[in-house]
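Bear in mind the structure is a predicted one, so any value in this text is a computation, not a measurement.
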Amino acid sequence: MDYIPFFLCLLVLSMEISRGADKQVPEKVEPEREPQVPEGEEKDCPVCMWRKHSKEMRLESIKSQILSKLRMKEAPNISREVVNQLLPKAPPLQQILDQHDFQGDSLQHDDFPEEDEYHATTETVISMAQETDPVVRIEGNPYCCYFNFSPKIMFTRVLKAQLWVYLRPIHHTATIYLQILRLKPVTEEGSRHIRIRSLKIDLNSRIGHWQSIDFKHVLQNWFRQPQNNWGIEINAFDPNGNDLAVTSLGPGAEGLHPFMELRVMESNKRSRRNLGLDCDEHSTESRCCRYPLTVDFEAFGWDWIIAPKRYKANYCSGQCEYMFMQKYPHTHLVQQANPRGSAGPCCTPTKMSPINMLYFNDKQQIIYGKIPGMVVDRCGCS
């Protein structure tokens, strides 16, 4: 019964696609074949089944949207051989081909300014190290360091992030090798912690030394995929193998614990919006999330599209009840009182962006234009 709202969402989406198909007669092509999931595994993994259905419907929707937005009733019947014969090898066209051979979403997060940058404010946040989750430890280690961040901070833009580590005093000048490992849950094969930073420091301090490490890139990844934040392990070895990094959270190390210093930009409008989650295909996240999806036009048999041959479209999948309750508490209470009267919120795109496309129309003319709403930048519940 917990999955009923999700399947009702799928039903609504499939009806929308059907209505779009009634307005046009798209070319009948075989859908992109997905790896077959054994029936038993699919039953044991409802999240996998949801994603499979969401991905299939997203691909069908993309086909219908492209034809509709290009005002075509069906895909032009132009083969690859005809494309090679008609396509000029002029430098301006080659520049467009080089620029748009593949379109991803690498610019979506940082390079497009938000609408409310005018009202932005800058904040400094200090996050102290906490003990790690037992699932990442082997024989009780490492005990440090996990950093917890509130949802409000995770939905801001990180301007600067510094990890501060206190190194114990030494009596003679020495070269210290500092390394930071990203923690992951321990598996049957053992620990597979990943080294993400390595520094060589010439240290000469008899009173101890605070060392700062740029951590902006790591923080940005954690904020986009918080399920990957299991903490870090910090070591700073001198030539004799002594660890000079203070990571003990017990008595005697007061005020010397590692901490994270963040400078973030928070805008009023962004703080009120749900920026959504980003996940990958191996994620076990069940909430509404954006997943990667690469559309391959050659797999569609659409040789009439010159560029891009592939683009990163993304799709939304997941449950909405908890997040929806946070945003619309009154509606949530009504649905709880009358659960059969409403399908509930659906996980859908809340922000989309265009793609540029070079293509042949049905008159074998080469057209270069922009198709709006083809890339899912953000998912949410509505």
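Note: Ile66 CD1 to Met374 CE = 4.0 Å, rounded to the nearest 0.5 Å. Taking CG from Asn235 and OG from Ser198, the interatomic distance works out to 11.0 Å, rounded to the nearest 0.5 Å. With rounding to the nearest 0.5 Å, the separation of OG in Ser54 from OH in Tyr291 is 9.0 Å. Taking CE of Met72 as the start and CD of Glu74 as the end, the distance is 10.0 Å to the nearest 0.5 Å. To the nearest 0.5 Å, atom CD1 of residue Ile232 and atom OG1 of residue Thr132 are 11.0 Å apart. Going from atom OH of Tyr368 over to atom CG of Leu358 covers 8.0 Å, rounded to the nearest 0.5 Å.
Heavy atoms only, all atoms of each residue included: Pro76 and Asp362 are closest at CG-N, 4.1 Å. Looking at every heavy atom in both residues, Gln225 comes nearest to Asp278 through CG-O, 3.3 Å. Scanning both residues, Arg58 and Ala313, for their nearest heavy atoms gives NH2-O, 3.2 Å. Scanning all heavy atoms of the two residues, the minimum distance from Val158 to Gln220 falls at O-NE2, 4.0 Å. Nearest heavy atom pair, residue Ala75 against residue Trp302, reads CB-NE1, 3.9 Å. Here the closest heavy-atom approach between residue Tyr166 and residue Pro169 is recorded as OH-CD, 4.4 Å.
Relative ring orientation between Trp210 and Trp164 is described as perpendicular, the plane-to-plane angle rising above 60° on a 0-90° scale split at 30° and 60°.
Transitive grouping of hydrophobic side chains (ILVMFWY, heavy atoms separated by less than 4.5 Å) brings Phe149 and Ile196 into a common cluster. Residue Leu244 is grouped with residue Ile213 when hydrophobic side chains (ILVMFWY) are merged at heavy-atom distances under 4.5 angstrom, including chains of intermediate members. At a threshold of 4.5 Å between side-chain heavy atoms, the hydrophobic network of Ile, Leu, Val, Met, Phe, Trp and Tyr places Phe237 and Leu203 in two separate groups.
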Worked verdict on Arg197 versus Leu163 for side-chain contact (heavy atoms from CB on, under 4.5 Å): CA-CA 11 Å; Arg197 286 289 185 276; Leu163 172 66; over 6 Å; no
CA sep, side-chain torsions, deciding dist, call: Asn228, Asn221, side-chain contact (heavy atoms from CB on, under 4.5 Å): CA-CA 8 Å; Asn228 290 337; Asn221 288 336; over 6 Å; no
Trace of the side-chain contact (heavy atoms from CB on, under 4.5 Å) decision for Tyr143 with Thr247: CA-CA 8 Å; Tyr143 195 76; Thr247 57; over 6 Å; no
Stepwise disulfide bond (SG atoms under 2.5 Å apart) test for Cys379 and Cys316: CA-CA 6 Å; Cys379 297; Cys316 302; 2.0 Å; yes
Worked verdict on Phe297 versus Tyr311 for side-chain contact (heavy atoms from CB on, under 4.5 Å): CA-CA 9 Å; Phe297 292 123; Tyr311 89 97; 3.8 Å; yes
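The SG atoms of Cys320 and Cys347 lie 2.5 Å or more from each other.
You'll find the side chain of Leu183 stays beyond 4.5 Å of the side chain of Cys145, heavy atoms only. In this structure the side chain of Lys184 never reaches within 4.5 angstrom of the side chain of Val136, judged on heavy atoms.
The ring pair (Phe, Tyr, Trp, His ring centres under 6.0 Å) check on Trp230 picks up nothing, with sequence neighbours excluded. Under the rule for a salt bridge (charged side-chain N to carboxylate O under 4.0 Å, His left out), the partners of Glu131 that lie at least two apart in sequence or sit in another chain are Arg137. Scanning for salt bridge (charged side-chain N to carboxylate O under 4.0 Å, His left out) contacts around Asp303 gives Arg80, with sequence neighbours left out. Qualifying side chain to side chain contact (heavy atoms under 4.5 Å, CB included) partners for Ser248, counting only residues two or more places apart in sequence or in other chains: none. Annotation: side chain to side chain contact (heavy atoms under 4.5 Å, CB included) contacts of Gln130 (sequence neighbours excluded): Tyr146, Asn148.
Without hydrogens or angle criteria, Tyr359 side chain to Leu70 main chain gives no donor-acceptor distance under 3.5 Å. With Asn229 contributing its side chain and Phe147 its backbone, the two residues share a donor-acceptor pair below 3.5 Å. A donor-acceptor distance shorter than 3.5 angstrom exists from the side chain of Arg51 to the backbone of Glu281, with no hydrogens or angles considered. Proximity of a side-chain donor or acceptor of Asn240 to a complementary backbone N or O of Asn242 within less than 3.5 Å is not detected. Listed for the Lys55 side chain is no donor-acceptor partner under 3.5 Å among the backbone atoms of Leu293. One N or O on the side chain of Arg168 and one on the backbone of Ala245 form a donor-acceptor pair closer than 3.5 Å.
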Please list every donor-acceptor pair under 3.5 Å in which a side-chain atom of residues 170-181 meets a protein atom from a residue at least two apart or in another chain.
from	atom 1	to	atom 2	distance (Å)
Thr173	OG1	Asn204	ND2	3.4
Thr175	OG1	Asp202	OD1	3.0

